[in-house]
Amino acid sequence: MQITTKEFKHCDMIIVNGRVDSATAPQFAQALESISATGRFKIVVDMSELEYMSSAGFRGLLATQRTCKRYNRGEVVLASVPQRIREALELAGFTELFKIFNDPLAAVGNF
C-alpha cells in the first residue's frame with residue numbers, strides 16, 4: 001500500500017494505492033488521523049488506485065468520519081471508488097455515511 005497526501009486550500013486529499021488489509025489498515029488509519037490531528041477536517045479519499053479494502057480499512061474511514069463530523073467541522077468524502085469496493089461499502093451500509101463522487105475534482109469541489 002502507498003499513501004500520497006495533497007493539501008488544498010479548502011481540504012486535504014489522500015490517494016491510496018494498492019491494498020488496505022489487516023496488515024496495512026493501521027498505516028491507513030494513521031494517515032487519516034494525522035490530517036484531523038492538525039485541525040483539518042475536510043478530507044477526500046481518492047480510491048482510483050485502490051485494489052482492495054478490508055473491514056479494518058472501513059473502520060479507519062468510519063473513525064475519521066466521526067472525528068470530522070463532530071461539532072460540524074467537516075467530513076470525509078470518497079472519490080473514484082472501484083466497483084467491488086463500492087459493493088462492499090453498500091453491503092456494510094456505509095454508503096449512507098459517506099458522500100461518494102465519481103472523480104476527485106468533483107469531490108474537492110464539494111468543499
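With contacts defined as side-chain heavy-atom distances shorter than 4.5 Å, the pair Phe111/Val77 qualifies. Side-chain contact check for Phe8 versus Val108: some heavy-atom pair is nearer than 4.5 Å. Residues Tyr52 and Arg84 have side chains not in contact (no heavy-atom distance under 4.5 Å, counting atoms from C-beta outward). Looking only at side-chain heavy atoms (C-beta outward), Pro82 and Met47 come within less than 4.5 Å of each other.
The minimum heavy-atom distance between Val76 and Phe98, with the atom names listed, is O-CD2, 3.5 Å. Here the closest non-hydrogen pair linking Thr24 and Asp21 is OG1-N, 2.9 Å. Of all heavy-atom pairs between Ala25 and Gly57, the closest is CB-N, 3.9 Å. In plain terms, the two heavy atoms of Ser54 and Ser22 that are nearest each other are OG-N, 3.8 Å. When all heavy atoms are compared, the tightest approach of Gly60 to Leu32 is O-CD1, 3.8 Å. Nearest heavy-atom pair across Thr95 and Glu90 is CG2-CG, 3.3 Å.
Rounding to the nearest 0.5 angstrom, the gap separating the CD1 atom in Ile15 from the OG1 atom in Thr5 is 8.0 Å. The CG atom of Asn17 sits 10.0 Å away from atom CG of Asp46, with the distance rounded to the nearest 0.5 Å. Annotation: the span from Ile85 atom CD1 to Ile100 atom CD1 amounts to 11.0 Å, rounded to 0.5 Å. Note that the CZ atom of Phe58 and the CG atom of Leu89 stand 4.0 Å from one another [nearest 0.5 Å]. To the nearest 0.5 Å, the span separating CZ on Phe28 from CZ on Arg19 amounts to 14.5 Å.
For the side-chain contact (heavy atoms from CB on, under 4.5 Å) criterion with Ile35, the lone passing option out of Glu7, Arg40, Met13 is Arg40. Residue Glu75 is tested with Lys42, Arg66, Lys99 for a salt bridge (charged side-chain N to carboxylate O under 4.0 Å, His left out); the sole match is Lys99.
A donor-acceptor pair under 3.5 Å links the side-chain atoms of Gln65 to the main chain of Leu97, judged by distance alone. Listed for the Arg70 side chain is no donor-acceptor partner under 3.5 Å among the backbone atoms of Thr67.
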